[in-house]
Amino acid sequence: MDYALLSGLYQNLHGSVIGGWIYAAPDNRPWLIDAQQIRSYSGQSSWIKALKMTRFGRAGGSGGVRSFTLELANTGQSTPSLTGAVYAELADITPDGSKAIVAIYLKPSQPAGGFVARHPIGFWLIELSGTPGVDFAASVSVLKTREQTIGVASDTGAIPATPATYEIRGTVNESPSPGTSTIAWADSGSTSYNQFYGEREWRIDGKVAAMWFDSSGVPQPVTVTIERTWEANIGPITSTHTGLLTITSQGGSNSYSGELVQNIKRNGMSRSTTRTVTATFMGQSISASVTKAESGSYDYRWTLAGPTPEQVVTDDSTAVITSSVGIEQADSSLGRNPSPGDTSLGTSPQEVATALGDDPWFSVGSGSAAVAVTVGLWQYSNNLISVITQTGAYDAQNSKYDWTWHNGSSLTPLGVVSGSDTAPAAARYGSWNPGTGEVVRAQSNPICWT
C-alpha cells in the first residue's frame, strides 16, 4: 500500500491523533501541519494565525519545527447575522497536502432536532507550496462566503382562499288548529367559509453542504436543494333543508309525523404536501422525498322526527404517506372546513441557514398506531453524504417515536454510490475509503479502515 488514511474529526493516523494534515514538500520530505489554530476560529470578520509545521514520519530523521502565518482580512462571515456558535474544522485535503479546505459551521443554541445539528456557513481554501526553509509559501482565501453558502429561499405564497357562503335555516313553530302544531324551516341567512384551490412552493436553492476536491485538486461544492410543495382542492359546501314535522297533542301526550332534515355536505376534498431533499456534486445527484396526501368527504345530517333531534357526522377521510420505503395509510379527519395545510416556512437568514435541521414529520394514525416519516441528509464523514428516510413508530407508553433510518444512495468525491440499508437511528457512523472507494454506513461504532 502506497498511501495512508487520515480519519476522524482530529485526523487519526494508525490509531493516533495527529490533529492536522501532512504536506509533502517538493524535496519529498513530509511535514505535519497543525490544525489547532484553524479550529480556534469562532466567527470573527478578520483572522490571522500562526500555524506550526513539524518534520514528520521518518524514524531517526532530522527534526525541525517551523511556523507560517495565514491571514484573512475578510473571512466572508460578516453577513448575514446568525445566532449560534461558530467554529471551523478541516474538511478536505489533496493527497499531497498542498491544499486544504476549511469548513465554517454554525451550531444553533437551540437545534431543531432533525438530522442536522450543525450547519455549513462558509468555506476557506489553504494553499501551500515550496520547501520549508527554502521557498515555502502559504495562503488562505475564501471559497464561499456565509451568504453564498446558506442558500437562497423562495416562496410562492399561501394558497389563496376563495370566500363563499352556504345557506342556513332556523325553524318556525305554527299552530294551524287546536292540538296541532307544525315545525317548518325558516330563512335565516347564510354562513361564510373558504374554498381553496391551487399550489404553493417553498424552496431553498444553492445551499452548500460540503466542498470536496475533484481529481484535479479543484474545490467543488456539494449543493443542496430543499423543496416543500402543497396542493389543495377544497371545494364548495352544499346545504339542503327538507321536510315538515307535525305534532299532535292528545290526552297529555304528543304524536309526531313527518320529519325535518338538514344536510350539509362537502365532497371530494383533497390536500397534499411533499418534502424533497436533493444533493448534487459535479452533476451527479442523490434525492429523497416523502408525500402526505389526504382526501375525503364530509357529511353532516340533522334530523328532527320526535322530541329530540338526531345528529350524524360522516367523515370518510384517509391519509396516505408515500416514501422510498413504502406506504403508510390511516383514517383521517378533514372536517367541514379544512385549511390547505400550507404552513408557512421561514425565509429569514437564520431559517435558511438551519433549514436542513428542520425536518417536518408527516404522520398518520393516532396513539400506538401512529407512524411518522421524514427525509433529510446525513453527513457520515467529510466525504460521505447520504439521503435518509426516517420512519418512526409511536411509543405511547413513553410518548415518543422510535425512529429507524433508511439509507438511500450516497455521494462521495467519486460520485454516486447506490444502495440501501436500514438501521436504528442511533447507528450514525459511516465512512468512505478514498483508497478503495468502499462505503460503510449505519454503524453503531466509528469505522476503522485497515
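As the structure is a computational prediction, the values presented were derived from the model and not from experiment.
Rounding to the nearest 0.5 Å places CZ of F362 at 4.0 Å from OG1 of T273. Atoms CD1 and CH2, on I321 and W361 in that order, are 12.5 Å from each other to the nearest 0.5 Å. Residue R169 holds its CZ atom at 8.0 Å from OG of S239, rounded to the nearest 0.5 Å. Summarising the geometry, atom CE belonging to M282 is positioned 10.5 Å from atom CG belonging to L414; distances are rounded to the nearest 0.5 Å. Taking OG1 from T303 and CG from N263, the interatomic distance works out to 8.5 Å, rounded to the nearest 0.5 Å. Rounding to the nearest 0.5 Å places OG1 of T278 at 14.0 Å from NZ of K207.
T69 is listed as a side-chain neighbour of I48, based on a closest heavy-atom distance under 4.5 Å. In this structure the side chain of L106 reaches within 4.5 angstrom of the side chain of Q350, judged on heavy atoms. Between S409 and S418, some side-chain heavy-atom pair lies under the 4.5 Å cut-off. Between Q262 and Y300, the closest side-chain pair of non-hydrogen atoms falls below 4.5 Å. Taking 4.5 Å as the limit, every side-chain heavy atom of I204 sits out of range of all side-chain heavy atoms of T225. Contact check for W202 versus D342: no side-chain heavy atoms found under the 4.5 Å cut-off. With contacts defined as side-chain heavy-atom distances shorter than 4.5 Å, the pair V417/L384 does not qualify. Considering only heavy atoms from C-beta on, T274 stays 4.5 Å or farther from E227 through its side chain.
A cation-pi contact, defined as under 6.0 Å to the ring centre and within 45° of the axis, is absent between R336 and Y193.
Salt-bridge annotation for D205 and R203: present, with a side-chain N of the basic residue lying under 4.0 Å from a carboxylate O of the acidic one. Salt bridge status for D92 with K99: absent, with no side-chain N to carboxylate O gap under 4.0 Å.
Between Y41 and W124, the ring centre distance stays below 6.0 Å.
Remark: side-chain polar atoms of S67 are not paired, donor with acceptor, to backbone N or O of A50 under 3.5 angstrom. N267 places no side-chain N or O within 3.5 Å of a backbone atom of S297 that could act as its donor or acceptor partner. In this structure a side-chain-to-backbone donor-acceptor pair under 3.5 Å is present from R441 to G408. For the pair T149 (side chain) and P120 (backbone), a donor-acceptor distance under 3.5 Å is absent. Within the 3.5 Å criterion, the main-chain N or O of G341 finds a donor-acceptor partner in the side chain of W230. Put simply, the side chain of D96 never gets that close to the backbone of A24: no donor and acceptor are under 3.5 Å apart. A donor-acceptor contact shorter than 3.5 Å is absent between the side chain of W302 and the backbone of L260. The closest donor-acceptor contact from the side chain of W21 to the backbone of G97 lies under 3.5 Å. Of the possible donor and acceptor atoms, none in the side chain of T280 sits under 3.5 Å from a partner among the backbone N and O of G283. Remark: the backbone N or O of I121 is paired with a side-chain donor or acceptor of Q77 at under 3.5 angstrom.
Counting only residues at least two apart or on different chains, the salt bridge (charged side-chain N to carboxylate O under 4.0 Å, His left out) pairs with a member in residues 283-295 are R271-E294. For residues 372-400, the pairs satisfying salt bridge (charged side-chain N to carboxylate O under 4.0 Å, His left out) are K400-D402, with sequence neighbours left out.
Heavy-atom neighbours of Y105 OH from other residues, nucleotides or ligands within 6.0 Å: above the threshold of 12. More than 12 heavy-atom neighbours from other residues, nucleotides or ligands sit within 6.0 angstrom of CD on Q311. More than 12 heavy-atom neighbours from other residues, nucleotides or ligands sit within 6.0 angstrom of CD on Q443. Annotation for Q220: atom CD counts as buried by contact number, over 12 foreign heavy atoms lying within 6.0 Å.
Between F123 and I101, the shortest heavy-atom distance links the atoms CD2-CG2, 4.1 Å. A pairwise comparison of heavy atoms in R428 and W378 identifies O-NE1, 3.2 Å as the closest pair. Nearest heavy atoms, Y23 versus P132: CE2-CD, 4.4 Å. In terms of heavy atoms, P221 sits closest to K144 at CB-CE, 4.5 Å. When all heavy atoms of T276 and S289 are compared, the closest pair comes out as OG1-CB, 3.3 Å. Across A138 and L128, no two heavy atoms sit closer than the pair CB-CD2, 3.6 Å.
Exactly one of K107, R39, R118 qualifies for a salt bridge (Lys or Arg N to Asp or Glu O under 4.0 Å) with E89. That residue is R118.
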Next on the checklist: Working note: S399 + Y394, criterion side-chain contact (heavy atoms from CB on, under 4.5 Å); need CA distance, chi angles, decisive distance, verdict.
Outcome noted: CA-CA 7 Å; S399 301; Y394 191 67; 3.6 Å; yes
Checklist entry - L411 and W212: side-chain contact (heavy atoms from CB on, under 4.5 Å), yes or no, with the steps? => result CA-CA 11 Å; L411 269 183; W212 300 334; 4.1 Å; yes
Checklist entry - What's the verdict on side-chain contact (heavy atoms from CB on, under 4.5 Å) for S332 and T318, showing C-alpha distance, side-chain angles and the deciding distance? => result CA-CA 5 Å; S332 182; T318 59; 5.6 Å; no
Item to check | T314 vs V312, side-chain contact (heavy atoms from CB on, under 4.5 Å): CA-CA, chis, key distance, verdict | outcome: CA-CA 7 Å; T314 303; V312 177; 4.2 Å; yes
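The closest side-chain donor-acceptor pair between S324 and T389 falls under 3.5 angstrom.
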